[in-house]
Amino acid sequence: MYRKPPLSTDNAVRLLDLLCDDDAFRNEFSVDPSAALVRHGLQPMAGGSPCAIHGVLASKEEFSAVRSQLVASLICSGPFKVPFMFESEQLGLVLAPEAMKQVA
């Protein structure tokens, strides 16, 4: 079974900083999220299931709008517990109370 560990608070905040502000990181994350997390020291190793963005990465504005809720989700259950976690127009669905119960 694949394990997707939670992020530390510092790493969750750093990830959101990068997703909100850094175009180069956003491009890298869109192509290979798992490798981007490892390369930027946000996860200790590439183990676990491969993560992918199948749709369009959410915009900087979308990430900014749900930043605190997404940080809470990342430190509670980790990235990619829900397959479309970082995709455009999906952030609200991922962070809805019902979805949060499913990933907890």
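- Using modelled atom types, no side-chain atom of Glu87 and backbone atom of Ala58 make a donor-acceptor pair closer than 3.5 Å.
- Here the shortest heavy-atom pairing between Ile75 and Pro6 reads O-CB, 3.3 Å.
- Pro79 has its side chain within reach of Phe86: a pair of non-hydrogen atoms, C-beta onward, lies under 4.5 Å apart.
- In this structure, Ser68 has no side chain to side chain contact (heavy atoms under 4.5 Å, CB included) partners at least two apart in sequence or on a different chain.
- Interatomic distance, Leu57 CG to Ser30 OG, rounded to the nearest 0.5 Å: 4.0 Å.
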For this session: Walk me through it: do Glu62 and Gln90 pass the test side chain to side chain contact (heavy atoms under 4.5 Å, CB included)?
Result: CA-CA 9 Å; Glu62 286 177 282; Gln90 301 298 319; over 6 Å; no
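- The shortest distance between side-chain heavy atoms of Met85 and Ser73 falls below 4.5 Å.
- A distance of 6.0 Å separates CG of Leu42 from CG of Leu15, quoted to the nearest 0.5 Å.
- Scanning all heavy atoms of the two residues, the minimum distance from Asn11 to Gly41 falls at ND2-O, 3.6 Å.
- Residue pairs meeting the side chain to side chain donor-acceptor pair (under 3.5 Å) criterion with at least one partner in residues 14-27, sequence neighbours excluded, are Asp17-Arg67, Asp23-Lys60.
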Problem set entry | From CA spacing to verdict: side chain to side chain contact (heavy atoms under 4.5 Å, CB included), Leu16, Leu74 | CA-CA 10 Å; Leu16 268 291; Leu74 292 169; 3.6 Å; yes
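- Contact of the Phe29 side chain with the Leu19 side chain is registered, since non-hydrogen atoms from C-beta on lie closer than 4.5 Å.
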